[in-house]
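As structure tokens, the structure follows; a few thoughts come after it.
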Number of protein chains: 2
Amino acid sequence: MLDPVSRVRRFNRAVTSAVGALDTSFLGRGRPLGAARVLNAIGHGRSDVAEIRDYLGLDSGLMSRLLRSLEEEGLVETTAHQDDARRRVAKLTRTGRREFAAYEALSNAQAEGLLAQHTQAEALLAAMDLIASALTRDRVALDETDPQCDEARYCLGEYYAELGRRFKQGFDVSLSRDPDAKDMRRPRGTFIVAMSDTLPLGCVGLKGTDHGYAEIKRLWVAPSARGLRLGRRLMDAAEDAARGLGITLLRLDTNSALPEAGQLYRSTGWTEIPRFNDDPYPDLFYEKRL
Amino acid sequence: MLDPVSRVRRFNRAVTSAVGALDTSFLGRGRPLGAARVLNAIGHGRSDVAEIRDYLGLDSGLMSRLLRSLEEEGLVETTAHQDDARRRVAKLTRTGRREFAAYEALSNAQAEGLLAQHTQAEALLAAMDLIASALTRDRVALDETDPQCDEARYCLGEYYAELGRRFKQGFDVSLSRDPDAKDMRRPRGTFIVAMSDTLPLGCVGLKGTDHGYAEIKRLWVAPSARGLRLGRRLMDAAEDAARGLGITLLRLDTNSALPEAGQLYRSTGWTEIPRFNDDPYPDLFYEKRL
DNA sequence: CATAATGTCTGACTTTAGTCAGATATATCC
DNA sequence: GGATATATCTGACTAAAGTCAGACATTATG
């Protein structure tokens, strides 16, 4: 009934009025939105005044006045920065924390209200994740991390769960040649996580070996982030890291039940090669010379 | 990694900044947002001043001034309402239509840009539809319409397509006992469409017969509107209409490939009965006494 | 037909947001 | 140690949004 652009615009209208309603409920706490935003930024852990200013896109004069008004209300205290007395650091007072909690309660209530109305909340949440990822795609950062940090383990857990769903015979990590974490740390290899703010959206491992090549392992992109070309960005980052480590040959194994992965490899210079290991799960093997 | 409320709030943040970006691009046309909103409301067919004021939530004084500024720019003309000279009616001038088209182009470009970045645009659109429906659920109106109007035909087309996907043997309307449109018009029956603004989200038909009962036919809810209890609202409306027509017994047929429908019927006072027609598709039959 | 209600407009006002040019204190660099 | 850069603050300003009381013309009501 509607063309794609109209559908996006219907979404925009719906969302604009929902956002407006939340703003209105914030105004109910008797403080202009500008001041409320600063208070909430501090409450969410942003303490450096310049950082808050940057995050909210405020002029330094305006920021200063908003901070002052929060101080006069007794919600915020500012002190000089430890290492640099020009910079100021803002902190919530006890009253400020209470007021921040009240704003949090409003936001949470709005979210809960929306979810409670819906009998298929998980579908609604999945749609929200997808859109949030699409709208913030430019802010997805690729971070090198330890393969055993929380974010990496979360990604791997999701990855294994997805293999379990997609392989006819399921997936059991212990039967697979699970790479040793130490092979995915510099200087032998590395592990890269795609982060959208604090949420991991994908990962890839570069595993060093003693056989004259390194392997790409554990390439995964969250369902909500598919379509953003994050897989390619992760692969590019892994290849760059490999080049930086002086690696000239990469290999990987994959499974034909993951056609989108094979598609990505073939379109980025990988060539199929014969089986080079005895892992029971993969049935496709690729190689790329850097 | 995130709890449901955090996921909604991540969505809110993403969407707030996207909405802000569109507002900023609107400001690029050298007009305050208030005036731009009024201009766009008129462009989208809202002509009655009171209606615009209500839609945008503006004070009458502010509204009057915004209209005046648009008139001074030569974008809008106001005249007295035909039937009531107290009311004013706003219309775009030729220049106004051009300016409105420029705003439309900005909105469309934003929408197209978002879609173009995404390799799985249909999934993104489906997610947007779902969220738009969830956020506007309170504004879904149930309208009695002719079973052959555009909205009704759209719903029926989607309904047939879905049966085709869900029945193992497919679905061919011509093999089914397709109800005659005249049986779904008052006073024999009726047809109800759930409308979200101009978009149909669901339908149900009440088909009069000469056998001492009426039938519920063509209950359908758009995939993007599932979880909003729209099916139940439609059924309630159809039952109310039946009572209004003096009907005391309702029957319907359905298929076990549509378990959510059976679930709805059983939870709202319908009882299973033996087959009462020779339609090849249904395998479950229900009855409800009003 | 007088009175009340309605829709819009005007004037006078406040609040919020935002801008910009210095002032001030501190840090960095040669 | 002096010049320069940086972070914040202050004062003076503008624009936009919003509020409120009353004016005015028109329509509805008893």
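In what follows, every chain begins at residue 1, and chains take the letters A, B, ... in the order their sequences are listed.
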Can [X] and [Y] be counted as having a side-chain donor-acceptor contact under 3.5 angstrom?
X: Thr78(A); Y: Glu71(A); value: yes
X: Glu151(B); Y: Thr145(B); value: no
X: Tyr55(B); Y: Arg37(B); value: no

Inset, instruction - Report the residue (Leu58(A) or Asp84(A)) whose heavy-atom-nearest nucleotide on DNA chain C is the more 5′ of the two. - result: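 Going by which nucleotide is closer to the 5' end, it is Leu58(A).
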Inset, instruction - Between Ala85(A) and Gly30(A), name the one whose nearest nucleotide on DNA chain C is closer to the 5' end. - result: Gly30(A)
Taking atom [atom2] of [N] as reference, at what distance in whole Å does atom [atom1] of [X] sit?
X: Asp83(A); N: dT28(C); atom1: CG; atom2: C1'; value: 15 Å
X: Leu62(B); N: dT14(C); atom1: CG; atom2: C1'; value: 14 Å
X: Arg37(A); N: dA17(C); atom1: CZ; atom2: P; value: 8 Å
X: Met63(B); N: dT10(C); atom1: CE; atom2: P; value: 13 Å
X: Ile52(B); N: dT8(C); atom1: CD1; atom2: C1'; value: 13 Å
X: Leu56(A); N: dA17(C); atom1: CG; atom2: P; value: 12 Å
X: Leu27(A); N: dT14(C); atom1: CG; atom2: C1'; value: 15 Å
X: Arg88(A); N: dT24(C); atom1: CZ; atom2: P; value: 17 Å

Inset, instruction - Nearest-nucleotide wise, let me know which of Leu66(B) and Gly61(B) is further upstream toward the 5' end of DNA chain D. - result: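 Result of the comparison: Leu66(B).
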Inset, instruction - Take Asp59(A) and Arg87(A), find for each the nucleotide of DNA chain D with the closest heavy atom, and name the residue whose nucleotide sits nearer the 5' end. - result: Arg87(A)
Legend entry - Arg31(A) vs dT16(C): side-chain N/O to OP1/OP2 distance below 4.0 Å: no
Inset, instruction - Report yes if a side-chain nitrogen or oxygen of Arg86(A) is closer than 4.0 Å to either non-bridging phosphate oxygen (OP1 or OP2) of dT28(C); otherwise report no. - result: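 No.
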Legend entry - Cation-pi, Phe191(B) ring and Arg185(B) (6.0 angstrom, 45 degrees):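 Here Arg185(B) fails the 6.0 Å and 45° test against Phe191(B).
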Legend entry - Polar pair under 3.5 Å, donor/acceptor by atom type, side chain Arg65(B), base dG18(D):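 No such pair is found, so the answer is no.
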Inset, instruction - Determine the contact category for Arg53(B): base if any of its heavy atoms lies under 4.0 Å from a base atom, sugar-phosphate if only primed atoms, P, OP1 or OP2 are that close, otherwise nothing. - result: sugar-phosphate
Legend entry - Within-4.5 Å side-chain heavy-atom neighbours: Val49(A) and Arg87(A): no
